[in-house]
Amino acid sequence: MPGTKKTIFDFALLRRVFGYASPYKRKFYWSVVLAIVLAIITPVRPLLIQLTVDRYIARSVESMVIYMTIIQIGLLLVETALRFLFSFMTNWLGQSVVKDMRVAVYKKILGLNLSQFDKTPIGTLTTRTINDIESINDIFAEGLVPIIADLLSIVCVLGYMFWVDWQLTLIALIPFPIMIIATYYFKESINRSFFKVRNAVAALNAFVQEHLTGMAVVQAFSAEEREFAKFKKINRDHRNANIKAIFAYSVFFPLVEIVLALSIGLVVWWTSKEALNLQQSQQGVVVSFILCLNLLFRPLRVLADKFNVLQMGIIASERIFKVLDNDDVPKPPEGGYKKTPEVLKGAIGFEKVWFAYADENYVLKNVSFRIGAGETVAIVGHTGSGKTTIISLLNRLYHIQRGSIRIDDINIGDYDLNILRKNIGVVLQDVFLFSGSVIDNITLRNPDISKEKVEEAAKLIGMHDFIMRLPGGYDYNVMERGVTLSLGQRQLLSFIRALLYNPSVLILDEATSSVDTESEILIQHAIDTLINGRTSIVIAHRLSTIRKADKIIVLDRGEIKEMGSHNELLAKGGFYSKLHEMQFEKHRVIS
Ligand SMILES: Nc1ncnc2c1ncn2[C@@H]1O[C@H](COP(=O)(O)OP(=O)(O)OP(=O)(O)O)[C@@H](O)[C@H]1O
Ligand SMILES: [Mg+2]
């Protein structure tokens, strides 16, 4: 499995993760200090018990026994309080780092070039921003510092044991190799099944996400049974992967108990043998060793688990950094962006433009045309001929391989992206609605756009009355009650959005859907309002829109076939006139 090779000893990666903790340096240092203090006081309780048994219980000094017990209770309380603080602090640290990292990753994703989203499944990016980052928490909460804390306390307890009686300690440690071997196999097994669980979760996520989105298709084609069977299989895989992990735990934990019991048994056996031989009692040592062994095994049992968690965190962080290091973002040209006016006039020129989404599969081939400021141009062509692509290029959503695209005689690459996009208003073919109110979907939560302006624009487009008829009017939640808006209505909403923008250049990708006559008139009127007084590129399916254009560009499989006004092209009797015939037929059938 790629990625599994990464170990916890990848210090460069760890350092980078811990870099995110630097704003919380003090909490981090405090947690290290706490770890050390906790380790040091761990062997104190066994020591006190030994003293109590040997000095006071053996000699029946009752007052001291009570006194020592009170000290023990006090110590236990202090230890518990420190443990609480430690655990709270490491988790707090983890969650803070998670918060910061998630913001950084999402910011990065927001700025990526659109082509990245063609290559990466949405589910993957969701997993990066949600699940993977959550594992980073574990690096802090259960990973590095807690592991160091556990190791330190093991060392301290062992040190104490050797100091009290090194021979007895060695005897107590006889069953330890079993523990080490068991831990090794446990770690490996858990590691493997965790990977399977993770993959199964990702598969479940992806499946559910995709099928909920495509529910209409699933139901319309009665594919529920088949898809359900597929779901059940993925779900079963998920359970099986989990069961493997559970199996490992169920074998390992009792095994640790057995090893612990063996160690305790050895201690008791050895000391009683000594007592018989030498006539000397070692009661205090036995009691304190039993406690020591417990204190030793408790961290040992979870250490393997913690190493796994740490390793998973490291792998997750590697994936996250891959997203953060993705440099497919819009970059300024050498020497920076040109100083350009804030408001463009909107003269557009394509010069021998070649473009492919991937490799050498050119979608646009040698496309050249000019649009004067204020002109309206219609692009027509069969489906897949590259119409939407042309407008995506203008907006710099994708980058051309050859040729040049200019607005007001400046290469679009030289514009500050913000200025460029502020001047280009877009109405897309299929309008995406975010869950939220109508007004939020129109303004995209831009506080500079007042409600009055929105209403004014809606009136101009002719949508105001329609919106007012919705329950709640402009506050109507478009995702609620299972009713969203129709394709035509959505496009009208985005007309309002574009109008409010008041761009110099308007791009309109007409929805192909046929609408009823009333909406048709509404849309027709709205388009006229929109394109009035600005450079407009309309990917048109309506004859009426096409006729009104100053120029028509006829596109066929990425190449410009013809260019000219409606009458010129009709007179030519070429590609357009054929297309027109077909469109006209279609139009007549519809209306
Ligand atoms: N994101 C993408 N990644 C790769 N190829 C793409 C992408 N988008 C479109 N294409 C391809 O580019 C070609 C042109 O697509 P485009 O969307 O520009 O067509 P269109 O003329 O707008 O069609 P329609 O009238 O159906 O909207 C098609 O062959 C399509 O398969
Ligand atoms: Mg299209």
Side-chain angles (χ1 to χ4, degrees), residues 109 111-125 210 213 217 326 328-330 348 350 353-369 371 377-403 405 412 424-432 487-488 490-491 494-495 498 505-515 523 527 536-546 549 551-563 569 575-576 578-587 590:
I109 292 177
L112 285 178
N113 276 326
L114 207 59
S115 56
Q116 282 296 316
F117 299 92
D118 298 338
K119 288 184 228 153
T120 326
I122 299 300
T124 312
L125 288 177
E210 213 172 293
T213 319
V217 180
N326 188 339
D328 191 5
V329 292
I348 297 168
F350 270 57
V353 170
W354 288 74
F355 172 75
Y357 283 100
D359 307 325
E360 299 274 297
N361 304 323
Y362 285 101
V363 172
L364 293 183
K365 296 163 208 153
N366 206 19
V367 168
S368 306
F369 59 84
I371 306 172
V377 167
I379 304 181
V380 295
H382 292 301
T383 175
S385 55
K387 303 181 299 290
T388 303
T389 306
I390 286 191
I391 59 175
S392 305
L393 293 180
L394 195 61
N395 220 352
R396 255 172 67 196
L397 291 174
Y398 295 92
H399 300 278
I400 55 173
Q401 276 83 5
R402 269 184 272 163
I405 303 175
I412 55 168
I424 302 177
V426 203
V427 175
L428 290 176
Q429 206 164 7
D430 45 7
V431 180
F432 184 84
L487 213 63
R490 286 174 196 214
Q491 211 167 45
S494 68
F495 284 179
V505 178
L506 179 89
I507 291 170
L508 170 59
D509 205 344
E510 263 187 355
T512 26
S513 73
S514 46
V515 289
I523 289 179
I527 291 177
S536 313
I537 304 179
V538 186
I539 296 175
H541 301 287
R542 291 184 176 77
L543 208 65
S544 46
T545 326
I546 301 172
K551 194 173 1 181
I552 298 163
I553 296 174
V554 185
L555 210 59
D556 182 43
R557 277 174 235 150
E559 286 174 276
I560 293 185
K561 278 273 149 148
E562 291 167 359
M563 209 162 13
L569 289 179
F575 201 86
Y576 176 76
K578 259 193 255 151
L579 202 75
H580 172 255
E581 232 167 72
M582 278 153 52
Q583 286 268 350
F584 189 60
E585 288 296 316
K586 200 174 97 192
H587 197 72
I590 291 163

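In this text, all values refer to a predicted model and were calculated from it rather than measured experimentally. Position 1 is the first residue of the sequence; numbering continues from there. Indexing begins at 1, ligand by ligand and atom by atom, following the structure's order.
Of all atoms in ligand 1, numbered sequentially from 1 with element shown, those under 4.0 Å from a heavy atom of Tyr398 are 1 (N). Taking a cut-off of under 4.0 Å to the non-hydrogen atoms of Val363, the atoms of ligand 1 that pass are 12 (O), 13 (C), 14 (C). Close approach of ligand 1 to Asp118 (heavy-atom distance below 4.0 Å) involves ligand atoms 1 (N), 2 (C), 3 (N).
Using a 4.0 Å cutoff on heavy atoms, Ala358 does not count as a contact of ligand 1.
Using bins of under 30°, 30° to 60° and over 60° for the plane-to-plane angle, the ring pair Phe575/His382 lands in the perpendicular bin.
Contacts with ligand 1 closer than 4.0 Å are made by heavy atoms of both the backbone and the side chain of Thr388. Under 4.0 Å from ligand 1, heavy atoms of Thr389 appear from its side chain as well as its backbone.
Comparing Gly384, Gly381, Ser392 against atom 14 (C) of ligand 1, the shortest heavy-atom distance belongs to Gly384.
Between the Mg ion (ligand 2) and Thr389 there is no N/O/S contact shorter than 2.8 Å.
With contacts defined as side-chain heavy-atom distances shorter than 4.5 Å, the pair Glu581/Tyr576 does not qualify. Using a 4.5 Å cut-off on side-chain heavy atoms (C-beta onward), Ile560 and Phe350 make no contact.
Looking at every heavy atom in both residues, Val427 comes nearest to Phe495 through CG1-CE2, 3.4 Å.
Annotation for Glu562: atom CD counts as buried by contact number, over 12 foreign heavy atoms lying within 6.0 Å.
For the 3.5 Å distance criterion, the side chains of Thr389 and Tyr357 qualify, holding a donor opposite an acceptor.
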